[in-house]
Colleague: 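Would you mind keeping the following structure in view while I ask a few things?
Just so you know, ligand 1 is whichever comes first in the structure, and atom 1 is the first atom listed for that ligand. This chain uses plain numbering: 1 for the first residue, then up along the sequence.
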Amino acid sequence: MVEEQIQQLQSAALQRIEEAKDQAALEQVRVDVLGRKGSLAQFNVGKLAPDERKVAGKALNTAKQTLEGAFETRERAFASAALNTRLKHEWLDLTLPAPGPRPGSLHPVTIIQNEIEDLFTSLGFTVLDGPEVETEYHNFDALNIPPEHPARDMQDTFWLANGHLLRTHTSPVQVRGMEKLGPPLRMIAPGRVFRNEEVDASHEHTFYQLEGMMIDRNVSVAHLLYFMKTLLSAIFHLEAVVRLRPGYFPFVEPGFELDIRCLICGGPGCSVCKQSGWVELMPCGLVHPNVLRVSGIDPDVWGGFAFGLGLTRLAMMRYGIDDIRLLASGDLRFLRQF
Ligand SMILES: [Zn+2]
């Protein structure tokens, strides 16, 4: 009698185990059947007659073992299904090509510098480099800038404790080029320069210039104009229109400010050119006889022109960059555009 009840209970439990949809449902069946207040626990074998007790005890043990086995099997099925689902989501296609290294890009100032170097080397110019920490002599004295001259105040210089300085322009490389190579000389010198300035959208303490110089016999302003027009036409990919205005720089005589016809409006006037139709671009001129003499070149035999180009400024003009601080920001969102 008791044995039959136990077997019925076992069958019902086995069916519930089979129908359990997940681990939580299975756990509920276990509590209902095998728990301390579960259906198997309600059989109090101790109250039965001795012969019945033996049979019932055996049936109970069998039922417990059968059910525990069934729980275990079902649990493994759930675990295996869960694993399969996870593997399905984590599946990788190992036949796909690897992403590979991400390509970088050149900085806009480097792009302009490379183009100008290519152009000038094709015209017979040498590309020279010079130190960023300069002597006062090369940065000022040898460029005909006397000790008390206002030009030294105009350029806010980073002076170093040993009396040297961070070069304020690339012009000292002219001096080094003349000292080392002598005339005739065709050279350009791109590089980083430093000014002790407040930084804002149009001023940086660190920026890039490109210096150019040609020394030969019978060099005139016509040569200067030819090379400047060639340079600007190549950079801006159009026939550049330029003009010279008198300008004072101690290292040239005569000295000029070179303007380019506004690239935005083409002449009539706009906000970029302040309604003038022209944009001031670079100082230039014929090399001052004192500068030649100081570097051991006879000004009665040799003459030359020199110009200083703001590479940073040129890059900003060509790419329409309105904040100089972006250039040294290291921001990849900015740099990836070039
Ligand atoms: Zn304009």
Colleague: For a side chain to side chain contact (heavy atoms under 4.5 Å, CB included) with N144, tell me which candidate from V291, V252, V287 qualifies.
Modeller: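 It is V291, the one option of V291, V252, V287 that forms the side chain to side chain contact (heavy atoms under 4.5 Å, CB included) with N144.
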Colleague: Sequence neighbours left out, what passes side-chain hydrogen bond (donor to acceptor under 3.5 Å, both in side chains) with Q5? Give chain and number order.
Modeller: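 Partners of Q5 under the side-chain hydrogen bond (donor to acceptor under 3.5 Å, both in side chains) test: none.
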Colleague: So, using salt bridge (Lys or Arg N to Asp or Glu O under 4.0 Å) as the criterion, who are the partners of R86 when residues are at least two apart?
Modeller: E90
Colleague: Is it true that the NZ or CZ of R74 lies under 6.0 Å from the centre of F78's six-membered ring and within 45 degrees of the ring axis?
Modeller: yes
Colleague: So that I know where these two stand, are F227 and F305 an aromatic pair - ring centroids less than 6.0 Å apart?
Modeller: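 Judged by ring-centre distance (under 6.0 Å), F227 and F305 do meet the cut-off.
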Colleague: Which pairs with one or both residues in residues 275-303 pass ring-ring contact (aromatic ring centres under 6.0 Å, His included), sequence neighbours excluded?
Modeller: none
Colleague: Leaving waters out, which protein N, O or S atoms fall under 2.8 Å from the Zn ion (ligand 1)?
Modeller: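 For the Zn ion (ligand 1), the protein N, O and S atoms that sit under 2.8 Å away are C262 SG, C265 SG, C270 SG, C273 SG.
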